[in-house]
Amino acid sequence: MNRDRRPRVARLPDYRFPKTLRRRLINGLGLLAVERPSANFAEFRLVVDGGFAADTEENSGLCRLAIEALAQSHLDGGRGRADRFVERMGATLCARARVDVSVLAMSAFAANLDAPLQALADIVIRPRLQREGLEATRLAQRAAIAREKTTPFDVALRLAPALVYGAGDPYAKPFTGSGTESGLERISLDELRAFHREHFVPERATLVVAGPANDSLADSAEKAFRGWRPDAHARPGQTPTPSHAESPQGNVTVVDIAGARQSAVFAVFATMPRASASAEAMLVADAILAGMFTSRLNMNLREAKGWTYGVRSFLAGARRRGLYIVYSFVQRERTAAAIGEIERELRAITDQRPPSREELSRAFAHLASRVPFACETVGELASLLEDGVACGLSDDYYGGFVERLRRLGTQDIVESVRSITEIKPASWLVLCDAASTRPLLESSGFPTVVMKVD
């Protein structure tokens, strides 16, 4: 990495990330455990390769529907619905679909882990997916899509991927994971069962555990999951391959919110793989641009100009290409000017105004301090490890995170921004009152197209 203009950084937090234990069970299931001796709870995350990027246009929403249906499937032996049975043991169970993986998450009292661990294994190995459960989860997911359409940021998560990844790319799907209404209605019970059969195989899964020391944990996991074997007739889950098709450039995509008094402005980029070396430099760049209160864009649009209450950012890591969104809610008459200022700041950091030593120092300290805060509870610790598995990070990634920050120089930060802005400029998404705002955008040199929320 380039070390030019390395800042004299104030002492970064001296935090040692807990040591992780990695094993592979006899059936091929990965086990990733981290110890928290004082915890009263243990957290489990079963992370399975195959997220909503594997959905097709015809069955958009399948991954989330399938993983939710698994959590609500019925268990053998008269134990009833899985999530309710787990609750009766004093534990909790939830499911979530991510872009690259599916996750079943469970929290249980540490005093007796064998019973909830066995229940988790039974959900995965012997689920009873029935039509009644399919329709119940479909109804809930339909309601989730309706809610997403009422929230500007969720609308952006639904529409932005199609703007930056290009037509046909597996990542060009709503990043909420809920899919589309048309795709959701077409999903059959057979497709749910096929998703489980093709993706839920032990060799493609990792069981993340965070909690108190338990010498018999690996033995308990081995016992609980010993019946999990891949279906001999199943096709392996397909790993999506990114498309290189380009989406239209140069236009501002407008979503009409009739009567809106302000505009929600989103600058959207496709970034690098989360496990790449430049991804950490992108974290620093984001902190300088929009990720902290003292970031350049917040100081510009909020403090200096008073156009907004704040500028924020969203940086989602993924195995192949991440998603980066810089956004703000601005005065309607300042919509075009805000786009211009964001564009100017993005250009400046790679050219006339590279990061200063003071900015780098603040960004490093900000990022380093977030690691211990992200590990305060066993749930947060397990989620951090889940994120590492989902994004393809090494098991000891966070153990060396602060030291790797120290090695970053100004040019590393500049190149990370340049890599996502020079090949394809920002895609702009604006939620606004189209009748009054589109003419302002057009007259300021920003051609517009109107998009509906699917």
### Message
Determine whether Val284 and Asp286 satisfy the following criterion, side-chain contact (heavy atoms from CB on, under 4.5 Å), listing intermediate values before the conclusion.
### Response
CA-CA 5 Å; Val284 179; Asp286 168 55; over 6 Å; no

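- Using a 4.5 Å heavy-atom threshold, the side chains of Asp154 and Arg147 count as separate.
- Distance alone, capped at 3.5 Å, is enough to place a donor-acceptor pair between the Trp228 side chain and the Phe200 backbone.
- Taking each heavy atom of Val326 and Ala290 in turn, the nearest pair found is CG1-CB, 4.2 Å.
- By the neighbour-count criterion of 12 heavy atoms within 6.0 Å, atom CZ of Arg24 is densely surrounded, having more than that number from other residues, nucleotides or ligands.
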### Task
Go through Ser361 and Glu359 one step at a time and tell me if the side-chain contact (heavy atoms from CB on, under 4.5 Å) criterion holds.
CA-CA 5 Å; Ser361 181; Glu359 286 178 316; over 6 Å; no

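- Residues Ala115 and Met89 approach most closely at CB-SD, 3.7 Å, considering heavy atoms.
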#### Entry: Step-by-step side-chain hydrogen bond (donor to acceptor under 3.5 Å, both in side chains) determination, Ser416 to Ser278
CA-CA 6 Å; Ser416 69; Ser278 58; over 6 Å; no

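- Side chains of Ser220 and Asp114: a donor-acceptor N/O pair is present below 3.5 angstrom, by distance only.
- Distance CD/Glu222 to CG/Leu25: 4.5 Å, rounded to 0.5 Å.
- Environment of CZ in Arg226: sparse, with no more than 12 heavy atoms of neighbouring residues, nucleotides or ligands closer than 6.0 Å.
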### Message
If you apply the rule side-chain contact (heavy atoms from CB on, under 4.5 Å), what do you find for Leu65 with Leu184, and how did you get there?
### Response
CA-CA 8 Å; Leu65 192 66; Leu184 186 64; 4.1 Å; yes

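- Salt-bridge check for Glu191 with Arg186: failed, with every basic side-chain N at 4.0 Å or more from each acidic carboxylate O.
- Salt bridge annotation for Arg96-Glu68: absent, with no cationic side-chain nitrogen under 4.0 angstrom from a carboxylate oxygen.
- Here the two rings, on Tyr327 and Phe314, have centers that are 6.0 Å apart or farther.
- Expressed to the nearest 0.5 Å, how far OG of Ser427 lies from CZ of Phe266 amounts to 14.0 Å.
- Contact check on Glu181 versus Arg142 returns no salt bridge, with no Lys/Arg side-chain nitrogen under 4.0 Å from an Asp/Glu carboxylate oxygen.
- Within 6.0 Å of atom CZ in Arg88, more than 12 heavy atoms from other residues, nucleotides or ligands are found, so the atom counts as buried in its surroundings.
- Within the 4.5 Å cutoff, side-chain heavy atoms of Leu207 are placed close to those of Leu120.
- Note that CG of Leu367 is 9.5 Å distant from CD of Glu280, once rounded to the nearest 0.5 Å.
- More than 12 heavy atoms of other residues, nucleotides or ligands lie within 6.0 Å of CD in Glu376, so this atom counts as buried by the packing criterion.
- The two residues Pro174 and Gly179 make their nearest non-hydrogen contact at CG-O, 4.0 Å.
- For the pair Pro116 and Met106, the tightest heavy-atom approach, listed with the atom from each and the gap, is O-CE, 3.0 Å.
- Between Leu323 and Phe269, every side-chain heavy-atom pair lies at or beyond the 4.5 Å cut-off.
- Remark: side-chain polar atoms of Arg404 are paired, donor with acceptor, to backbone N or O of Tyr397 under 3.5 angstrom.
- A distance of 6.0 Å or more separates the ring centres of Phe401 and Phe17.
- Atom CG of residue Leu189 and atom CG of residue Leu134 lie 6.0 Å apart, to the nearest 0.5 angstrom.
- Within the 4.5 Å cutoff, the side chain of Tyr324 has heavy atoms near those of the Leu289 side chain.
- With Asp412 contributing its side chain and Gly409 its backbone, the two residues share a donor-acceptor pair below 3.5 Å.
- Judged by distance alone, the side chain of Gln141 and the main-chain N or O of Gly61 form a donor-acceptor pair under 3.5 Å.
- A cation-pi arrangement is absent between Arg312 and Phe153 under the rule of less than 6.0 angstrom and at most 45 degrees off the ring axis.
- A donor-acceptor contact under 3.5 angstrom links the side chains of Tyr171 and Asp100, judged on distance only.
- Looking at Glu380, its side chain does come within 3.5 Å of a backbone N or O of Thr377 through a donor-acceptor pair.
- Heavy-atom neighbours of Glu57 CD from other residues, nucleotides or ligands within 6.0 Å: at or below the threshold of 12.
- Thr137 places a side-chain N or O within 3.5 Å of a backbone atom of Gly133 that can act as its donor or acceptor partner.
- Using modelled atom types, one finds no donor on one side chain facing an acceptor on the other under 3.5 Å when comparing Tyr165 with Arg320.
- Contact check on Asp396 versus Lys19 returns no salt bridge, with no Lys/Arg side-chain nitrogen under 4.0 Å from an Asp/Glu carboxylate oxygen.
- Distance alone, capped at 3.5 Å, is enough to place a donor-acceptor pair between the Ser328 side chain and the Gly310 backbone.
- Considering all non-hydrogen atoms of both residues, Ala390 and Val101 come closest at CB-CG2, 3.6 Å.
- Under the 3.5 Å distance criterion, with hydrogens and angles disregarded, no donor-acceptor pair is assigned to the side chains of Thr92 and Glu87.
- The closest side-chain donor-acceptor pair between Asn59 and Thr56 falls under 3.5 angstrom.
- Under the 3.5 Å distance criterion, with hydrogens and angles disregarded, no donor-acceptor pair is assigned to the side chains of Arg64 and Thr176.
- Under a 4.0 Å N-O distance rule, the pair Asp387/Arg274 does not qualify as a salt bridge.
- Ile187 CD1 to Leu62 CG: the interatomic distance, rounded to the nearest 0.5 Å, is 5.0 Å.
- Ring pair Phe52/Phe175 is perpendicular by interplanar angle, where above 60° counts as perpendicular and below 30° as parallel.
- Residues Ile325 and Leu157 meet the side-chain proximity criterion, which asks for heavy atoms closer than 4.5 Å.
- Here the NE2-CD1 distance, from His74 to Ile123, works out to 12.0 Å after rounding to the nearest 0.5 Å.
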### Query
Stepwise, does the side-chain contact (heavy atoms from CB on, under 4.5 Å) test hold for Leu70 with Val124?
CA-CA 8 Å; Leu70 275 178; Val124 172; over 6 Å; no

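- The main-chain N or O of Phe225 is found under 3.5 Å from a side-chain atom of Asn27 such that the two form a donor-acceptor pair.
- Side-chain contact between Val255 and Val453: present, with at least one pair of heavy atoms (C-beta onward) separated by less than 4.5 Å.
- Counting non-hydrogen atoms of other residues, nucleotides and ligands closer than 6.0 Å to NZ of Lys149 gives a total above 12.
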Only distances under 3.5 Å count here; give the side-chain donor-acceptor pairs of residues 43-51 to other protein atoms, sequence neighbours excluded, each with its distance to 0.1 Å.
| from | atom 1 | to | atom 2 | distance (Å) |
| --- | --- | --- | --- | --- |
| Glu43 | OE1 | Arg45 | NH1 | 2.9 |
| Glu43 | OE2 | Ser107 | OG | 2.9 |
| Arg45 | NE | Glu386 | OE1 | 3.4 |
| Arg45 | NH2 | Gly379 | O | 3.2 |
| Arg45 | NH2 | Ser383 | OG | 3.2 |
| Asp49 | OD1 | Arg319 | NH1 | 3.3 |
| Asp49 | OD1 | Arg319 | NH2 | 3.0 |

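- Using a 4.5 Å cut-off on side-chain heavy atoms (C-beta onward), His196 and Pro127 make contact.
- A donor-acceptor pair under 3.5 Å links the side-chain atoms of Arg79 to the main chain of Asp76, judged by distance alone.
- Residues Val209 and Val34 fail the side-chain proximity criterion, which asks for heavy atoms closer than 4.5 Å.
- Counting only distance, with no hydrogens or angles, the side chain of Asp122 and the backbone of Leu75 share no donor-acceptor pair below 3.5 Å.
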